[in-house]
Amino acid sequence: MQKFNSIGIMGGTFDPVHYGHLIAAEFARHEFKLDRVIFMPAARPPHKEINEVLNSEHRYKMVKLAIQANPFFKISDLEMKRTGKSYTIDTIRYYLEYYRGSDIFFIMGADSLLMMDTWKDYQELSGLCRFVVVTRPGYVIERSDPALKNLPPILWERMEFLPIPGLDISSTDIRHRVAENRSIKYLLPLEVEQYILDQGLYR
Ligand code: ATP
Ligand code: MG
């Protein structure tokens, strides 16, 4: 297998994928010289009820369409295929083994960091890989924030903060817009917009 120095993992529900995700992944890739960024649609996000989340096949196809123009971006169905819930720690363990000797960077937005102490085995996870936390409008990271008090010191050592151009875009808002028959153009790639309309998603 080809040897990589560093790999980014971009986890999410991607229901649907949008430019916030793409810019986070691309700026992290460039800043940390990642050889590739793997988009990993979650099967059953532990924090979301399954019936609220679109069938993973659709989410997978939309990510595929969204990343096709970027040769550094890949997609994996690892979490989708896993039965039961998807946990970041299991995914990171898998990739540490698969890309043995490479640095693994888990990419996430500021809102995710504020939730991290609810993740499975987050203390152990903190020591397993590196983390890139990108800015997201509406979420401020301050070390004194009570939401961060449980996160272990090793995480702070292994975490990089990356300011990115703020895009106040969320999948939740896109779903609501489609349901209300409002425009979603320029919030996500044209191919994804077309897919949503063609398949009648989120109506
Ligand atoms: P939802 O509204 O359904 O929660 P979302 O827009 O937050 O969707 P997710 O799939 O939950 O998208 O997010 C995947 C990852 O991308 C998370 O780490 C999240 O913090 C990050 N992210 C999502 N949108 C943005 C954005 N606009 N700017 C920066 N990071 C983002
Ligand atoms: Mg989210």
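Both backbone and side-chain heavy atoms feed into the values below; hydrogens, waters and symmetry mates do not. One-based numbering, in listed order, for ligands and for the atoms of each.
Close approach of ligand 1 to R175 (heavy-atom distance below 4.0 Å) involves ligand atoms 3 (O). Every atom of ligand 1 with a heavy atom of M108 under 4.0 Å away is listed here by number and element: 18 (O). Those atoms of ligand 1 with a heavy atom of G12 less than 4.0 angstrom away are 10 (O), 14 (C). The ligand atoms of ligand 1 that sit less than 4.0 angstrom from a heavy atom of G20 are 26 (C), 27 (N). In the vicinity of G11, heavy-atom distances shorter than 4.0 Å reach the ligand 1 atoms 14 (C), 15 (C). With ligand atoms numbered from 1 in the order given, ligand 1 contributes 2 (O), 6 (O) to contacts under 4.0 Å with heavy atoms of S170. Shown in contact with S112 at under 4.0 Å from a heavy atom are these atoms of ligand 1, numbered in order with element: 17 (C), 18 (O), 19 (C), 20 (O). If you number the atoms of ligand 1 from 1 as listed, the ones under 4.0 Å from a heavy atom of M10 come out as 15 (C), 16 (O).
Considering backbone and side-chain atoms alike, A110 places every N or O at 3.5 Å or more from each N or O of ligand 1. Some N or O of R136 is nearer than 3.5 Å to an N or O of ligand 1, by distance alone. Residue H18 places at least one N or O, backbone or side chain, under 3.5 Å from an N or O of ligand 1. No N or O atom of A24 sits closer than 3.5 Å to an N or O atom of ligand 1.
Remark: D145 pairs with no residue by the salt bridge (Lys or Arg N to Asp or Glu O under 4.0 Å) rule, at least two apart or across chains. Taking the side chain to side chain donor-acceptor pair (under 3.5 Å) definition, one finds that S6 meets it with nothing, sequence neighbours left out.
Between Y94 and Y98, the ring-plane angle classifies as parallel under the 30° and 60° cut-offs. Using cut-offs of 30° and 60° on the angle between ring planes, the pair F39 and F14 is tilted.
A heavy-atom distance below 4.5 Å is not found between the side chains of H18 and D173.
Of the candidates D173, V134, I169, it is V134 that places a heavy atom closest to atom 30 (N) of ligand 1.
Counting only distance, with no hydrogens or angles, the side chain of S86 and the backbone of A43 share a donor-acceptor pair below 3.5 Å. In this structure, R59 contributes its side chain and T13 its backbone to a donor-acceptor pair below 3.5 Å. Panel note: side chain R177, backbone S183; a donor-acceptor pair is recorded below 3.5 Å.
F161 and M116 fall within a single hydrophobic cluster, where Ile, Leu, Val, Met, Phe, Trp and Tyr side chains are chained together by heavy-atom contacts under 4.5 Å. Taking hydrophobic clusters as Ile, Leu, Val, Met, Phe, Trp and Tyr residues chained together by side-chain heavy-atom distances below 4.5 Å, I154 does not share a cluster with V133.
If you look at D111 next to ligand 1, the close heavy atoms, those under 4.0 Å, all belong to the side chain. Of all the heavy atoms of T135, the ones lying under 4.0 Å from any atom of ligand 1 belong exclusively to the backbone.
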